[in-house]
Amino acid sequence: MPYRRPHRLALVVVSGVFALLPHIASGDPALGLPPLAAPTDSTTARADLGRKLFMDRRLSRNGTLSCGMCHIPEQGFTANEMATAIGIEGRSLRRNAPTILNVAFQQHLFHDGRETSLEHQVWSPLLAEDEMGNASRSDLTARVRALSDYSVAFQRAFPGEGVIEDTIAIALAGYERTLAAGNSRFDRWYFGGDTSALTAPERAGFDLFRGKAGCTACHRVAAGHALFTDHRFHNTGVGWLHASVGNRSLSVPLGGGATAEVSAAAMAMLFGANLRDEGRFEVTHQSEDRWAYKTPSLRNVALTGPYMHDGSLATLREVIEFYDRGGVENPGKDALLRPLNLTAEEKQALVGFLLSLTGDNVGQLAAEARAAFQSGGPH
């Protein structure tokens, strides 16, 4: 059964989570990342506006859901409490909310890679009936235009244009591009030459990562930077297993620790969840892409569980156990996956290495997002 912690409103979990995040950045947040264009006064103003839009519930049809309630800043810009995201009016979505940290470097967006432009991507959740539920781009644009606290900010960021469909998308995408989080302990060791940044077991974990475990076949490390992804799509068996279970039961929290078992078909009828998920195939319609999903970056992976496209693995140790078994056998399983025969010590070393990939500015990015939520009108 897919992992699902008890469902709570996203904002309830804010307190106490900051302790899991790094302290305010003390180094270069771009260390270990490819270069990005330097910000200008114009792009900074647009990003600041986009941050506010990202955290504003008024962008949803009924004023209850913001982008930041699925991509919770204090939870690595994803949602640690839920295996799959919860949309408008409590509707269950098919997939785990991916982190948007370092999203500027992604060649494909969404687990199935259906978008390649952040300006196009932002409209998908805004217009999806089961996510933020807006009827159309023009409907949302008219609503934002009617909000008095946005008029000056849009004119400052987009002189002579103001609130139009394009400027909403550009602002949101501009903010997402600022969420670069490098300068991890790994970066300071591997790219910065700080020999004390990693422990001996963590260095052993990296040796396994690019050696016996073969992780770099998909989670690549380049000469001058490391995005820990090949930007490709792979069938590990998770999607196939999900589909093969059929009309499975879901454990639904009722409060007070109680749960009820409800069939997936009943959930779909009640909440409109399309539980069938064929991954990249839904985009390309090529049979070899059935149940294949995008290789995620492993940066900040300690903060972004649960894991896999369906959130079915709760911990990094479970992920390593999954790959140690060679994934799930199925007719289209990627040939790169094979049993690894790792020892318990080797598995722990891999976990230790993955814990070293957290950028030292993630806490700062979360604090800036939360400040945007708390200021500038009702959210």
Side-chain angles (χ1 to χ4, degrees), residues 10-11 36-73 77 85-89 91 93 97-101 103-104 106 109-110 114-180 365-379:
L11 295 179
L36 283 176
T40 63
D41 289 345
S42 173
T43 58
T44 298
R46 292 175 180 184
D48 289 344
L49 173 59
R51 183 186 297 109
K52 179 178 175 179
L53 289 166
F54 185 87
M55 298 298 292
D56 196 334
R57 301 184 201 181
R58 296 174 296 179
L59 266 65
S60 63
R61 185 189 70 234
N62 61 4
T64 62
L65 190 69
S66 72
C67 304
M69 291 175 71
C70 284
H71 302 280
I72 303 169
F77 287 86
I86 301 295
I88 195 168
E89 297 171 341
R91 300 187 185 192
L93 307 182
T99 180
I100 56 169
L101 290 170
V103 72
Q106 294 293 315
L109 304 165
F110 298 106
R114 64 185 181 272
E115 293 288 358
T116 57
S117 160
L118 283 171
E119 283 78 7
H120 291 161
Q121 176 274 328
V122 297
W123 286 109
S124 183
L126 288 168
L127 300 180
E129 183 180 0
D130 56 357
E131 293 190 53
M132 297 179 77
N134 290 289
S136 66
R137 295 187 183 195
S138 60
D139 181 71
L140 173 62
T141 302
R143 188 175 334 116
V144 174
R145 190 179 293 129
L147 298 172
S148 60
D149 52 309
Y150 276 114
S151 58
V152 172
F154 267 92
Q155 285 301 327
R156 182 185 303 117
F158 300 97
E161 295 182 272
V163 183
I164 59 175
E165 293 176 17
D166 284 351
T167 57
I168 290 173
I170 291 168
L172 281 166
Y175 167 58
E176 292 182 348
R177 290 193 178 95
T178 69
L179 298 175
L365 295 173
E368 290 169 350
R370 190 56 56 193
F373 172 83
Q374 293 168 342
S375 65
H379 300 288

Point-to-point distance, once rounded to the nearest 0.5 Å, from [atom1] of [X] to [atom2] of [Y]:
X      : Y      : atom1 : atom2 : answer
Gln121 : Leu126 : CD    : CG    : 8.5 Å
Thr99  : Leu179 : OG1   : CG    : 8.0 Å
Asp56  : Met69  : CG    : CE    : 11.5 Å
Arg46  : Asp41  : CZ    : CG    : 11.5 Å
Leu172 : Leu49  : CG    : CG    : 8.0 Å
Arg51  : Leu365 : CZ    : CG    : 8.5 Å

(request) Run the salt-bridge test on Lys52 and Asp48 with the 4.0 Å N-O cut-off and return the result as yes or no. (result) no
(message) Under a 4.0 Å threshold between the charged nitrogen and the carboxylate oxygen, would Arg177 count as salt-bridged to Glu119?
(response) yes
(message) With a 4.5 Å cut-off on side-chain heavy atoms, are Met132 and Leu140 touching?
(response) no
(request) Report, as yes or no, whether the 6.0 Å neighbourhood of atom CD on Glu129 holds more than 12 heavy atoms from other residues, nucleotides or ligands. (result) no
Give me the atom names and distance for the closest heavy-atom approach of [X] to [Y].
X      : Y      : result
Arg61  : Arg143 : CA-NH2, 4.0 Å
Cys70  : Ala85  : SG-CB, 4.0 Å
Phe110 : Pro125 : CZ-CD, 4.2 Å
Ser66  : Phe54  : CB-O, 3.7 Å
Arg370 : Pro73  : NH2-CD, 3.6 Å
Ile164 : Glu161 : CG2-O, 3.8 Å

(request) Report the C-alpha distance between Asn134 and Trp123 in whole Å, list the side-chain angles of each, state the deciding distance to 0.1 Å, and finish with yes or no for side chain to side chain contact (heavy atoms under 4.5 Å, CB included). (result) CA-CA 10 Å; Asn134 290 289; Trp123 286 109; over 6 Å; no
(request) Name all residues meeting the side-chain hydrogen bond (donor to acceptor under 3.5 Å, both in side chains) criterion together with Ser148; count only those two or more places apart in sequence or in a different chain, and write none if there are none. (result) none
(message) Looking only at the side chains, is there a donor atom on one of Ser42 and Thr40 sitting less than 3.5 Å from an acceptor on the other?
(response) no
(message) Walk me through whether Leu53 and Tyr175 qualify under side chain to side chain contact (heavy atoms under 4.5 Å, CB included).
(response) CA-CA 9 Å; Leu53 289 166; Tyr175 167 58; over 6 Å; no
(request) Could you check His71 against Val103 for side chain to side chain contact (heavy atoms under 4.5 Å, CB included), going step by step and ending with a plain yes or no? (result) CA-CA 12 Å; His71 302 280; Val103 72; over 6 Å; no
(request) Just jot down the salt bridge (charged side-chain N to carboxylate O under 4.0 Å, His left out) partners of Asp166, sequence neighbours excluded, or say none. (result) none
(request) Using atom types as modelled and distance alone, determine if a side-chain donor or acceptor of Asp130 lies under 3.5 Å from a backbone N or O of Leu93. (result) no
(request) Please confirm whether the backbone N or O of Arg137 pairs with a side-chain atom of Thr141, one donor and one acceptor, at under 3.5 Å? (result) yes
(request) Using side-chain contact (heavy atoms from CB on, under 4.5 Å) as the criterion, point out the one residue from Leu109, Ile170, Ile100 that pairs with Leu118. (result) Leu109
